[in-house]
Each structure stands twice: as structure tokens, then as C-alpha cells.
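The model shown is predicted, which means the values in this text are computed figures rather than measured ones. Within every chain, numbering begins at 1; the chains are lettered A, B, ... in the order of the sequence lines, protein sequences first and strands thereafter.
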Protein chains: 2
Amino acid sequence: MNAKASDAEQRRAQILMAAMELFASKGFSATTMNDIVAATGLSKGGLYWHFKSKDDIIIGILDQFFDPELAWMQALVEQPGDSAVERLRALSAQIATAMQSMEALVPIMLEFFALAVRDQQVADTINGYYRRYTVGLVALLEQGQAQGELDIADKHTVALNIVAQFEGLALLWSLRPGQFDLRTHILTATELLLKALQPAPA
Amino acid sequence: MNAKASDAEQRRAQILMAAMELFASKGFSATTMNDIVAATGLSKGGLYWHFKSKDDIIIGILDQFFDPELAWMQALVEQPGDSAVERLRALSAQIATAMQSMEALVPIMLEFFALAVRDQQVADTINGYYRRYTVGLVALLEQGQAQGELDIADKHTVALNIVAQFEGLALLWSLRPGQFDLRTHILTATELLLKALQPAPA
DNA sequence: CCTTCCAAACCGACCGGTCGGTCTGTTCTA
DNA sequence: TAGAACAGACCGACCGGTCGGTTTGGAAGG
């Protein structure tokens with residue numbers, strides 16, 4: 001039974017993985033269930049045994065899509081002691097690395113954005129992710145201010161701006177494969193921000 | 001003949017307008033040619049007289065989609081005399097206004113982004129737009145530096161970061177209809193940037 | 001001014017093909 | 001042997017695009 005459940009979950013994960021690759025290269029609507037069937041080596045019946053519809057597969061991907069980055073952010077916020085400024089620098093470096101390692105999946109993100117406009121469930125999931133991310137950033141900024149490292153008027157606005165900056169860079173990056181040094185841009189953006197948030201000398 | 005040509009162009013524009021509304025609310029693939037036929041009041045044959053395919057309509061929209069914003073930017077760069085800092089502020093205010101007035105069309109932008117990953121023509125068009133936009137920003141930044149208003153290490157990187165910031169904010173805004181004050185965020189981002197670019201006091 | 005004529009513009013029934021999803025089995029495993 | 005897991009033929013809706021025919025408005029000719 002344990003083995004069974006594990007098998008079923010593995011199969012599910014395998015299907016999701018195959019579907020992700022297809023979705024990344026062809027988009028949601030141009031990817032057919034038969035494509036996924038072929039990619040998994042399963043049959044139509046086998047596929048529909050694990051997922052009840054195409055949307056079900058898409059939602060399955062969405063549900064786990066943003067998880068990893070959130071975990072890193074969480075860990076950073078709870079890291080004790082270190083200076084907030086250094087942790088912000090570490091965060092941006094980590095984001096650059098993470099995004100570069102997931103480069104092949106970025107197109108799916110764009111598909112989700114386009115979908116979110118029309119599908120409330122997708123919008124809610126993505127917004128939930130950004131909300132939690134923003135909350136973490138606000139906590140970091142507050143710690144920085146408490147330690148006198150930063151001077152921030154409206155932390156929530158600044159936090160959302162940071163998120164927007166990173167997402168915007170990822171967007172431009174995905175449109176210019178190979179001609180856009182994501183890491184440099186992210187690090188530059190972070191340094192500019194830190195400079196703007198520097199407390200005025202007494 | 002003149003009247004005829006103008007009629008044909010008007011029809012074309014009318015079709016593009018109707019298609020844009022449909023694409024904005026249903027996305028590219030979920031919008032059918034029959035939908036567009038119904039929305040224009042034309043017939044299938046009439047529609048295909050003016051556009052040879054669905055892709056042709058999409059490209060037709062793309063070709064004129066980003067034009068207006070570029071014109072404003074161009075005008076700002078060539079505006080003589082005014083301080084670069086003030087022109088940057090004016091630019092961000094203008095962008096906020098423009099985006100808010102085109103709110104209904106933002107979903108189409110997301111469709112284009114998703115499409116650009118797979119369609120080189122779409123990618124080239126969008127990249128061309130961003131390139132020209134960046135060139136204009138770099139010119140503005142250079143003017144600011146020449147006048148001693150700004151201190152910028154890498155103007156090109158900063159310009160791309162500005163573009164990314166605005167696009168990222170537009171993205172988040174489109175995902176949170178009614179819960180996101182785009183103007184405030186854009187103006188805040190601009191002020192933060194200007195602060196970061198302030199030359200060090202002598 | 002009226003008729004003829006022609007091409008641009010338009011109509012809508014139709015077609016080939018595809019797609020998401022179903023259904024009736026068969027196989028494997030505990 | 002029961003039920004989970006899978007196979008694959010099949011279905012009906014629908015979609016992008018076509019095609020033969022019709023309307024229309026203005027130029028040409030008398």
C-alpha cells in the first residue's frame with residue numbers, strides 16, 4: 001500500500017514533469033493530451049487515470065511551481081544575526097542562481113501569467129505566492145531598519161517594488177535568450193536599491 | 001478610390017479592435033475566428049478577405065501595440081532644456097497614466113510575452129520595442145550625468161533595470177485588479193532610483 | 001442620365017482534421 | 001480474485017480555413 005501510493009505519486013510526478021517540458025516548449029494550448037501521452041509512454045487511459053483533465057495537469061504544475069523559491073526566502077528571513085543588508089544581497093544572488101537553473105521553465109511562468117487574467121484560481125495561487133514573498137521581504141526590511149542599516153518610508157511598497165523588479169528582469173531575460181546577463185542586472189538592481197535605502201548620515 | 005482604400009483600412013482597424021477586445025478577455029487560443037466574425041458583424045469570408053489567417057490578425061495587433069508609448073518617450077528625450085531628473089519624473093507619471101488608460105489591454109501584453117518564447121517574429125518585435133525604449137532612457141541618463149544631476153556607473157544596465165521595474169509593476173498590477181495602486185508604485189520606484197543615482201556631495 | 005461592367009468586398013455553407021475526453025476491455029499486483 | 005493501473009479504439013464538438021456565389025459602388029461608354 002505504501003509502495004502503491006508511492007508508485008502512484010511517482011507516476012504523477014513523472015507525468016507532471018513530462019507535461020512541464022511540453023508546456024514550456026509549446027505552450028498550454030498547443031500541447032495536446034496526446035503529446036503528453038506520447039511523452040510519458042503511457043496511454044490515454046493511463047493518463048486519465050491519474051489526471052481527470054488537462055486543466056487538472058496545469059493546476060497540478062501550478063501548485064508546486066513557486067514553492068522552492070518561497071522556501072529559500074523563508075530560510076533567509078529566519079536566519080538570525082546576519083545583517084539585513086547582507087541577507088538582501090544573498091537573496092538576490094540566490095534568486096539569480098535559482099532562475100538561471102530553472103531557465104527552461106520560465107516560459108511556463110509566462111503562460112501562468114496570461115492564464116491568471118482569466119482564471120481566478122490561477123490568479124489566487126500566484127498572488128498568494130507574491131503575498132508571502134512580500135511579507136518575507138517586509139520582515140527583512142524591518143529588521144534592517146531596526147538595526148539602523150536601512151531607512152524606509154513605506155516598507156510594503158518597497159517590498160512590492162523589489163518583487164516587481166525581479167519579475168521584470170526575469171521577463172526581459174526570457175525574451176532575450178543568451179543576450180541578457182540576468183545575474184548582473186539583479187545584483188545591480190539590488191545595489192541601487194540598497195543605496196537608495198541608506199540612512200542619511202547623522 | 002481614395003474613399004475605398006480608407007474604407008478598407010477602417011474595416012481593418014475595426015476588425016483589429018474587435019479582436020483585441022476578444023483576445024484580452026479570452027486569450028489568443030480560446031478566441032475563435034467565429035468569435036471575431038460575430039463581434040465584427042462580418043461573415044467568415046469577409047473577415048478572411050482582410051486577414052489571411054488568425055496569426056495575421058495577431059501580428060497586426062502586435063505591430064501597433066507598443067507604438068504609442070515609444071512616441072512619448074521619444075518626445076521626452078528630445079525635449080530641450082528641462083532637467084533630466086524632472087523629465088524622468090514626468091516619464092514615470094506619464095507611464096502610469098498610459099498604463100491605467102490601457103488597463104483592458106494589459107492581458108494581451110501577457111499573451112504576447114508567452115507567445116514570444118515560441119515565435120521569433122513576436123520576440124523580435126517586442127525586443128525591438130524594448131531596445132528603442134532603452135536607447136531613449138540611456139540618452140536621458142547621459143543628459144542627466146552631463147548636467148551633473150546624476151551619477152551612473154553603467155547607464156545601459158540601469159536603463160534596462162528601469163524598463164524591467166516598470167514592466168514588473170505592470171505585471172503585478174494586472175494580477176491584482178483593484179488592489180494595486182500602480183501610480184504610487186511607479187512613482188515610488190522612480191524616487192528610489194533617483195535617490196540611488198544622486199551624485200555624492202562634493 | 002442611363003446602362004453596362006468589373007473588381008473589391010462580402011456572404012455562409014462546407015470541409016478536413018484535430019482535440020479533449022470516454023469507454024470497454026486487459027494486465028498486473030497484492 | 002478484487003481493484004488499481006493501463007491500453008487504445010472511438011466519439012462528437014469544434015476550429016481554422018476554403019470556395020463558389022452574391023452584392024455594391026463607381027468608372028466607362030453611349
Ion pair B:Glu9/B:Arg12, N-O distance below 4.0 Å:
no
[X] [atom1] to [N] [atom2]: how many Å, rounded?
X: A:Trp49; N: C:dC28; atom1: CH2; atom2: P; answer: 17 Å
X: B:Asp56; N: D:dG17; atom1: CG; atom2: C1'; answer: 13 Å
X: B:Leu42; N: C:dC10; atom1: CG; atom2: P; answer: 6 Å
X: B:Asp7; N: D:dG26; atom1: CG; atom2: C1'; answer: 12 Å
X: A:Ile57; N: C:dC19; atom1: CD1; atom2: P; answer: 15 Å
X: A:Ile58; N: C:dG20; atom1: CD1; atom2: C1'; answer: 12 Å
X: A:Phe51; N: C:dT22; atom1: CZ; atom2: P; answer: 16 Å

Looking only at side-chain atoms of B:Ser43, point me to the closest of C:dC11, D:dA7, D:dA5.
C:dC11
Does B:Glu21 have any side chain to side chain contact (heavy atoms under 4.5 Å, CB included) partners at least two apart in sequence or in another chain, and if so, which?
none
Will you find, in the side chains of [X] and [Y], an N or O donor that is under 3.5 Å from an N or O acceptor?
X: B:Gln145; Y: B:Lys155; value: yes
X: A:Glu149; Y: A:Ser83; value: yes
X: A:Gln120; Y: A:Asp124; value: yes

Using OP1 and OP2 only, check whether a side-chain N or O of B:His50 sits under 4.0 Å from C:dA8.
no
Return no unless some side-chain N or O of A:Arg11 is found under 4.0 Å from OP1 or OP2 of D:dC6.
yes
Evaluate the ring planes of B:Tyr130 and B:Phe66, with Trp represented by its six-membered ring, and classify them as parallel (under 30°), tilted (30 to 60°) or perpendicular (over 60°).
tilted
Between protein and nucleic acid, restricted to nucleotides 13-16 of chain D and to nitrogen or oxygen atoms under 3.5 Å apart, what atom pairs and distances do you find?
residue: D:dG16; atom: OP1; partner: B:Lys54; partner atom: NZ; Å: 2.8
residue: D:dG16; atom: OP2; partner: B:Met33; partner atom: N; Å: 2.8

